[in-house]
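Taking it in order: structure first as structure tokens, then the write-up.
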Amino acid sequence: MDVPAIDVTAWILRPRASYAADPTRGRGRLTHEPASPTRTDFQRDRDRVLHSTSFRRLKHKTQVFVYHEGDHFRTRLTHTLEVAQIARSIARALGLDEDLAETIALSHDIGHPPFGHAGEKALDACMAGHGGFDHNAQSLRALTKLEKRYADYDGLNLTFESLEGVVKHNGPLLDGEGRTVGAYAGRPLPAALVEYAAVHDLGLDTHATAEAQAAAIADDIAYDAHDIDDGLRAGLITLDDLSGSRLLAGIMAEVRDRHPGLDHARMVHEIVRRVITRLVEDAIGEGARRLAPFVGRDVDAVRAAGRPLIAFSPAMAEAERELKRLMFAKLYRHPYLNRVMADARQVVSDLYGAYAADPKALPPEWARAEASDAPGRRPRLVADFIAGMTDRYALSEHARLFDATPELR
């Protein structure tokens, strides 16, 4: 049966600012594929991420609280969806490509191991002599190598712009002289980044697109606001604790003045929604101000700008830093979380030690891969396997291999 040709260009190619990433003028994919008649390249990227195994696993990976501690706490998946929604809002307001911003937001944590940053620290320590472990680099590895779904290639074969955005959403990784900067300053690039850069240059010494920057600031906004919600829900912080932030103190006073006698649950929701609104509106306003000189210029001008163009205003940036300091002091370093995450790190370290010592402890397909891999690649393969685990699978594997497993409660 012949399918009639369709032309959906008018509605899939919405108007964009000159400095936005343009899916019809992108740098393409590592493996060439014909264009889709119904979706832009960035829409196809988004859909591939949504259908990936790595994305689905985020459902049972820790954001702040381990998955079994309550049905209403954020997981890595719900956090990611909230980031994507905020990123789209910012991109839409600034005339950027919403689909690219969403793709990067959906992909940015896809390499996170079980138990959040505790699991990441444990794996990094285990891999200290083998190139280290970093969730950002692992996201790239998952997207370009570990997903094995397509007949023609490993990974998802995403566009340059999507991969660039995942790797560089927080800024350049190298300076003009090739020295590491930002999060990697003073230490080597993670091995996964070096390995991929040898076959596909992502321009690690420049900024990424404005869409990637929108996804990065959306990540900050989402966890600033929603960690407040989860911390209050868990009873680890109180409304009185929040008064240590000028931003939150002002919002709480506003809510109490407008809604006297409001019950606790509604009070918390009103605070959280106002935090999101304040931060999003400020990022849009400051982004519009910084992007104004780039009207008429293209996406490469954004890459070469030398500074982020999607950012908070100076006053809001200081208020947001103050909020983060408060959350570190009151929530992230809370004795309860410290104890649970110390146990989580031990689980990851134990698993790594067991698999590294005896690859036969791995599932059969991974054990076969280890046996056929190049000599010396076992540590990276073990890290790949552990990084793909959900919290509950990691605990199940630990219980299978060891006599006693922490409950993480």
Side-chain angles (χ1 to χ4, degrees), residues 49 52 54-55 57-58 61-64 76 79-80 83 104-147 155-156 158 162-175 178-208 212 215-216 219-220 223 332 341 344-345 347-349 351-352 355-356 376-391 394:
V49 172
S52 69
S54 298
F55 183 79
R57 288 176 182 152
L58 297 177
K61 291 193 178 189
T62 295
Q63 178 61 22
V64 173
R76 190 65 59 175
H79 163 74
T80 294
V83 174
I104 296 165
L106 292 172
S107 306
H108 82 284
D109 271 353
I110 215 162
H112 248 295
F115 313 121
H117 291 290
E120 181 175 19
K121 289 178 181 177
L123 267 184
D124 189 38
C126 292
M127 292 289 291
H130 310 284
F133 180 89
D134 170 82
H135 84 269
N136 197 46
Q138 191 68 17
S139 293
L140 177 68
R141 191 164 169 81
L143 295 169
T144 60
K145 184 178 179 69
L146 300 179
E147 283 287 329
L156 305 182
L158 302 184
S162 290
L163 294 176
E164 171 199 41
V166 171
V167 170
K168 301 190 299 183
H169 62 276
N170 286 322
L173 309 186
L174 301 174
D175 64 15
R179 294 181 294 255
T180 52
V181 295
Y184 303 121
R187 61 192 181 102
L189 283 179
L193 292 178
V194 175
E195 181 180 306
Y196 189 75
V199 297
H200 195 187
D201 182 7
L202 296 177
L204 301 183
D205 60 345
T206 66
H207 283 271
D219 186 26
D220 284 339
Y223 78 70
Y332 305 133
M341 289 302 112
R345 287 193 296 273
V347 167
V348 171
S349 297
L351 290 175
Y352 181 90
Y355 299 135
R377 296 288 292 175
R378 182 188 299 177
R380 184 60 57 187
L381 181 140
V382 169
D384 286 341
F385 178 56
I386 294 174
M389 290 181 172
T390 61
D391 293 3

Would a 4.5 Å heavy-atom cut-off, applied to side chains only, mark [X] and [Y] as touching?
{"X": "Leu146", "Y": "Gln138", "answer": "yes"}
{"X": "Tyr355", "Y": "Leu381", "answer": "no"}
{"X": "Leu173", "Y": "Val181", "answer": "no"}
{"X": "Thr144", "Y": "His200", "answer": "no"}
{"X": "Lys121", "Y": "Met341", "answer": "no"}
{"X": "Cys126", "Y": "Ser349", "answer": "yes"}

In terms of ring plane angle, is the pair His117 and His135 parallel, tilted or perpendicular, where the classes change at 30° and 60°? perpendicular
Is a side-chain N or O of [X] found less than 3.5 angstrom from the main chain of [Y], in a donor-acceptor match?
{"X": "Lys168", "Y": "Thr206", "result": "yes"}
{"X": "Asp109", "Y": "His112", "result": "no"}
{"X": "Asp205", "Y": "Asp175", "result": "no"}
{"X": "Asp391", "Y": "Pro114", "result": "no"}
{"X": "Lys145", "Y": "Tyr196", "result": "no"}

For His108, the side-chain hydrogen bond (donor to acceptor under 3.5 Å, both in side chains) test, sequence neighbours excluded, returns Asp219
Could you work out, with side-chain hydrogen bond (donor to acceptor under 3.5 Å, both in side chains) as the rule, every residue matching Asn136, not counting sequence neighbours? none
Glu120: partners by salt bridge (charged side-chain N to carboxylate O under 4.0 Å, His left out), with sequence neighbours left out: none
Distance col, row Arg378:CZ vs His130:NE2, nearest 0.5 angstrom, shows 10.5 Å
Can you tell me how far the CG atom of Leu174 sits from the CG atom of Leu204, to the nearest 0.5 Å? 5.0 Å
Taking only residues two or more places apart in sequence or in another chain, which ones pass side-chain contact (heavy atoms from CB on, under 4.5 Å) with Ser52? Ser54, Phe55, Ile110, Glu147, Leu156
Just to verify, what does Thr390 make a side-chain contact (heavy atoms from CB on, under 4.5 Å) with, not counting sequence neighbours? Arg57, His60, Arg392, Tyr393
Under the rule for ring-ring contact (aromatic ring centres under 6.0 Å, His included), what residues qualify as partners of Tyr352, not counting sequence neighbours? none
